Trainee: 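Take this structure, written in structure tokens, and hold onto it; I'll ask about it next.
Each chain gets a letter, A, B and so on, in the order its sequence line appears, and its residues count up from 1. Source: prediction; values computed, not measured.
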Amino acid sequence: MNHKLSVYNTLKRNKEVFEPLNSPHVGMYVCGPTVYGDPHLGHARSAISFDILFRHLLHLGYKVRYVRNITDVGHLENDADAGEDKLAKKARLEQLEPMEVAKYYTDRYHDMMDLLNVKRPSIEPNASGHIIEQIEMIKQILDAGFAYESNGSIYFDVVKYNQEYDYGKLSGRILEDLLATTRENLEGQEEKRNSVDFALWKKAQPEHIMRWDSPWSVGFPGWHLECSAMGRKYLGEQFDIHGGGMDLLFPHHESEIAQSQISNHQDPCRYWMHNNMITINGQKMGKSLGNSIMLEEFFTGSHKLLERAYSPMTIRFFILQAHYRSTLDFSNEALQAAEKGMKRLLQAQKLLNSLQAQASSNIDTKALKQRCEDAMNDDLNTPMVIAHLSEMTRIINAANDKKENLTTDNIADLKEIFATFLTKILGIKAETENNQSQTVEGLMEMVLSFRQQAKEQKDYATSDKIRDGLNKLNIVVKDGKDGVSWVLND
RNA sequence: GGUCUCGUGACCGAGUGGCUAGGUACCGGUCUGCAAAACCGUCGACAGCGGUUCGAAUCCGCUCGAGACCUCCA
């Protein structure tokens, strides 16, 4: 097994060699979506970033249990007691059962992730299905004396915690600063001892639909608790990797650490990994800013900022062209550049099957493969892998033009490299043909034979008419030196 | 206001001291009845100022600019 993988650990603010607690097993938890809205580009970035990690760990031979939750309860609208459960609020607006909304958007999320070729996690627990585990954890924290009850709600005592532990070790926050900079206009703070305290359990208001019984009140769990409870249940008191978007770093992940320290007497995980945001005109794309573009809008082109539709694979490749810890700026131009670049790689991969081998070569394909391995092992440097694949694409094309020699072994190596890195790890594959492709194939062959006939008779008026007509149907005819071919633009 | 991150050629985006990724666009070429596509090639940058160093996009300082978190957020 290759042990050279290093990852950037937010906790240490440095790259570290990855060493699992119980090799070859790896436990990995990633914060999943809140299912009260349609998935947008940001969801894709997080899911794809950790999909790459998942795939690479599998490639390295690890046995990975990948847990990604579905948040279907718990998030308060704000920290005030007026905070109505997000799902319930949405449900009221749409006159639907809360769980109906959750199911609908969970399915939507799955559909979009499938299109993006994101592997499904090993376990995908719902917060609503783990109320008992969450109550159990609250009891432990209460017993330890780090939480208190106030009017039926339970709060985590952050100030007390910070006297023995470090609330801020992950996010770099300093408690004094937090206490000094808390906003004054938030209401409902009177239940808390300190403004920084966060809810473990909230008593439900009468109009609150989603509610569960507990020793303290009929209510619902606080918003940091589900990940701690479900992570512990499925991965143990301490596991290897916890991931999520950078915007979850504080207070969500910081609070998870506090909860685990008290209930499990240790950090929940050893490596914290965070993907960066997607920006639009330099600003974070986010639901609250109202500037997010839904994934379906990309696939159909139905958004005013989109010049046209972009396929799921284009979106995936676009995301992988940037490192997961960098911000990535959206633009039509960048998307189209990604699309062309991706098609070029896929074309080269296809070309490998028809390449003629030569007796000797001065291309070192073993070294090229190692460079791809090294790039992935260096904190998942997917843009570097793509750069290497582009270099190989140039070589493949040159070999196809008889300007470069490749041996049988070279070609086999290249096939393996593309299959491993492009297909298996980056998860980039040719868009699936439509199911009528056989018919279309036959039709095209026939139409193009007519055109060929016209051309041979120098009847260019007819041949161009055929070509222009096909163009209008988004079929591009390509006259190459080895005959005619065509492609259906999407 | 506090904490932090970032500023790379027309655009996106790698690169933590010397060998100056990659993609797209542009331009040139190959191919072609023409065109498109495809392929090949070239050009092109490190926000500004100062410092450290034999040598800096890369380290340090300052200035300017952008952004993130501190409130639900991938």
Trainee: So what does A/Met285 touch, heavy atoms closer than 4.0 Å: a base, only the sugar-phosphate, or nothing?
Mentor: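 Touches a base.
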Trainee: Give A/Val477 one of three labels, base, sugar-phosphate or nothing, depending on what nucleic acid heavy atoms sit under 4.0 Å from its own.
Mentor: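 The residue A/Val477 makes base contact.
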Trainee: Please pick, from B/G22, B/A37, B/A74, the nucleotide with the shortest atom-to-atom distance to any side-chain atom of A/His40.
Mentor: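 Side chain of A/His40 sits closest to B/A74.
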Trainee: Could you please name the option among B/G67, B/A21, B/C70 that lies closest to any side-chain atom of A/Pro383?
Mentor: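 Nearest to the side-chain atoms of A/Pro383, counting from C-beta on, is B/A21.
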Trainee: Could you state the atom-to-atom distance from NE2 of A/His253 to C1' of B/C70 in whole Å?
Mentor: 16 Å
Trainee: Would one find a side-chain N or O of A/Ser326 under 4.0 angstrom from OP1 or OP2 of B/A14?
Mentor: yes
Trainee: Got a minute to check which stems RNA chain B is part of, using Watson-Crick or G-U wobble pairs under 3.5 Å, three or more consecutive?
Mentor: B:1-7 with B:64-70, B:10-12 with B:22-24, B:27-30 with B:38-41, B:47-51 with B:59-63
Trainee: Identify which one of A/His224, A/His242, A/His274 satisfies the ring-ring contact (aromatic ring centres under 6.0 Å, His included) criterion when paired with A/His252.
Mentor: A/His224
Trainee: Could you pull out the protein-nucleic contacts involving nucleotides 40-43 of chain B (nitrogen or oxygen on both sides, under 3.5 Å)?
Mentor:
from, atom 1, to, atom 2, distance (Å)
B/C40, OP2, A/Arg344, NH2, 3.4

Trainee: Rounding to an integer number of Å, can you tell me how far A/His252 NE2 sits from B/C70 P?
Mentor: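 From A/His252 NE2 to B/C70 P: 13 Å.
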Trainee: For a quick check of understanding: with a heavy-atom distance under 4.0 Å over all strands, which category does A/Met246 fall into, base, sugar-phosphate or nothing?
Mentor: nothing
Trainee: Step through it carefully: locate the ring centre of A/Tyr105, locate the ring centre of A/Tyr36, and say whether they are under 6.0 Å apart.
Mentor: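 No - the distance between ring centres of A/Tyr105 and A/Tyr36 does not fall below the 6.0 Å cut-off.
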Trainee: Could you pull out all residues at least two apart from A/Arg173 that satisfy salt bridge (Lys or Arg N to Asp or Glu O under 4.0 Å)?
Mentor: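 So A/Arg173 forms no salt bridge (Lys or Arg N to Asp or Glu O under 4.0 Å) with any residue.
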Trainee: Would you say the side-chain atoms of A/Tyr324 and A/Ser46 include a donor-acceptor pair closer than 3.5 Å?
Mentor: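 No pair is found: no donor N or O on one side chain lies under 3.5 Å from an acceptor on the other.
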Trainee: Side chain of A/Lys478 only, please: which of B/A68, B/C34, B/A37 is the nearest?
Mentor: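 Minimum distance to the A/Lys478 side chain belongs to B/A37.
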Trainee: Give the minimum heavy-atom separation between A/Phe418 and A/Leu389, together with the two atoms involved.
Mentor: CZ-O, 3.9 Å
Trainee: When we call it a touch if two heavy atoms are under 4.0 Å apart, what does A/Lys284 touch: a base, just sugar-phosphate, or nothing?
Mentor: base
Trainee: With the side chain of A/Ser390 defined as its heavy atoms from C-beta on, choose the nearest nucleotide among B/A74, B/G67, B/G22.
Mentor: B/G22
Trainee: Would A/Thr423 and A/Gln349 count as having a side-chain donor-acceptor pair, cut-off 3.5 Å?
Mentor: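 Per modelled atom types, A/Thr423 and A/Gln349 side chains form a pair under 3.5 Å.
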Trainee: Taking side-chain hydrogen bond (donor to acceptor under 3.5 Å, both in side chains) as the cut-off, I'd like each qualifying pair that reaches into residues 114-128 of chain A, sequence neighbours left out, listed once.
Mentor: A/Arg68-A/Glu124, A/Asp72-A/Asn126, A/Asp72-A/Ser128, A/His110-A/Glu124, A/Asp114-A/Arg120
Trainee: Round to a whole Å and report the spacing from CE of A/Met392 to P of B/G23.
Mentor: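 So the two atoms are 13 Å apart, to the nearest Å.
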Trainee: How would you label the contact of A/Leu41 with the nucleic acid (heavy atoms, under 4.0 Å): base, sugar-phosphate, or nothing?
Mentor: nothing
Trainee: What's the NE2-C1' distance between A/His274 and B/A74, to the nearest Å?
Mentor: 11 Å
Trainee: Taking CZ from A/Phe317 and C1' from B/A14, how many angstroms apart are they, rounded to a whole number?
Mentor: 13 Å
Trainee: If you assign A/Asn14 and A/Gln283 each to the RNA chain B nucleotide with the nearest heavy atom, which residue ends up on the more 5' nucleotide?
Mentor: A/Asn14
Trainee: Let me know which of A/Asn281, A/Leu306, A/Asn291 forms a side-chain contact (heavy atoms from CB on, under 4.5 Å) with A/Phe330.
Mentor: A/Leu306
Trainee: Give me, pair by pair, the N or O atoms of the protein and of nucleotides 1-12 of chain B that are less than 3.5 Å apart, along with how far apart they are.
Mentor:
from, atom 1, to, atom 2, distance (Å)
B/G2, O2', A/Asp177, OD2, 3.0

Trainee: Between B/G51 and B/C39, how many Å separate the two C1' atoms, rounded to a whole number?
Mentor: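 Result for the C1' pair: 49 Å, nearest Å.
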Trainee: Need one value for A/Gly42: base, sugar-phosphate or nothing, where a base atom within 4.0 Å counts as base even if backbone is also close, heavy atoms only.
Mentor: base
Trainee: Reading RNA chain B from 5' onward, which residue's closest nucleotide shows up sooner: A/Arg325 or A/His224?
Mentor: A/Arg325
Trainee: Closest approach to the side chain of A/Val476, judged atom by atom: which nucleotide of B/C34, B/A74, B/A36 is it?
Mentor: B/A36
Trainee: Can you figure out which of B/A37, B/A14, B/G33 approaches the side chain of A/Asp464 most closely?
Mentor: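 Among B/A37, B/A14, B/G33, the one nearest the side chain of A/Asp464 is B/G33.
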Trainee: State, without any angle test, whether A/Glu191 and A/Ser150 hold a side-chain donor-acceptor pair at a distance under 3.5 Å.
Mentor: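 The answer is no; no qualifying pair exists.
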Trainee: Kindly state each residue pair satisfying salt bridge (Lys or Arg N to Asp or Glu O under 4.0 Å) with at least one member in residues 271-289 of chain A, sequence neighbours excluded.
Mentor: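 Counting only pairs at least two positions apart or across chains, the salt bridge (Lys or Arg N to Asp or Glu O under 4.0 Å) contacts touching residues 271-289 of chain A are A/Asp247-A/Lys284.
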Trainee: Do the side-chain N or O atoms of A/Asn471 get closer than 4.0 angstrom to the phosphate oxygens (OP1, OP2) of B/A36?
Mentor: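 False: A/Asn471 side-chain N/O out of range (4.0 Å or more) of B/A36 OP1/OP2.
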Trainee: For A/Tyr460, which contact category applies under a 4.0 Å heavy-atom criterion: base, sugar-phosphate, or nothing?
Mentor: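 Contact class for A/Tyr460: base.
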Trainee: Is A/Lys340 close enough to B/A25 that one of its side-chain N or O atoms is under 4.0 Å from OP1 or OP2 there?
Mentor: yes
Trainee: What integer distance in Å separates A/Lys402:NZ from B/C31:C1'?
Mentor: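 Going from A/Lys402 (NZ) to B/C31 (C1'), I get 15 Å.
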Trainee: Are A/Phe198 and A/Tyr155 an aromatic pair by the rule of ring centers under 6.0 Å?
Mentor: no
Trainee: Give the rounded distance in Å between these two atoms: CG of A/Leu422 and P of B/G23.
Mentor: 14 Å
Trainee: Please report, rounded to the nearest Å, how far the P atom of B/C73 is from the NE2 atom of A/His43.
Mentor: 10 Å
Trainee: Give me the distance, rounded to whole Å, that separates B/A21 from B/A57 when you measure between the P atoms they each carry.
Mentor: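 Going atom to atom, P in each nucleotide, I get 13 Å.
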Trainee: Taking atom CG of A/Asp468 as the centre, does the number of heavy atoms from other residues, nucleotides or ligands within less than 6.0 Å exceed 12?
Mentor: yes
Trainee: With no hydrogens and no angle check, just 3.5 Å: does a side-chain donor-acceptor pair link A/Glu226 and A/Thr71?
Mentor: yes
Trainee: Quick test of your reading of the model: are A/Asp111 and A/Arg108 salt-bridged, counting only N-O distances below 4.0 Å?
Mentor: no
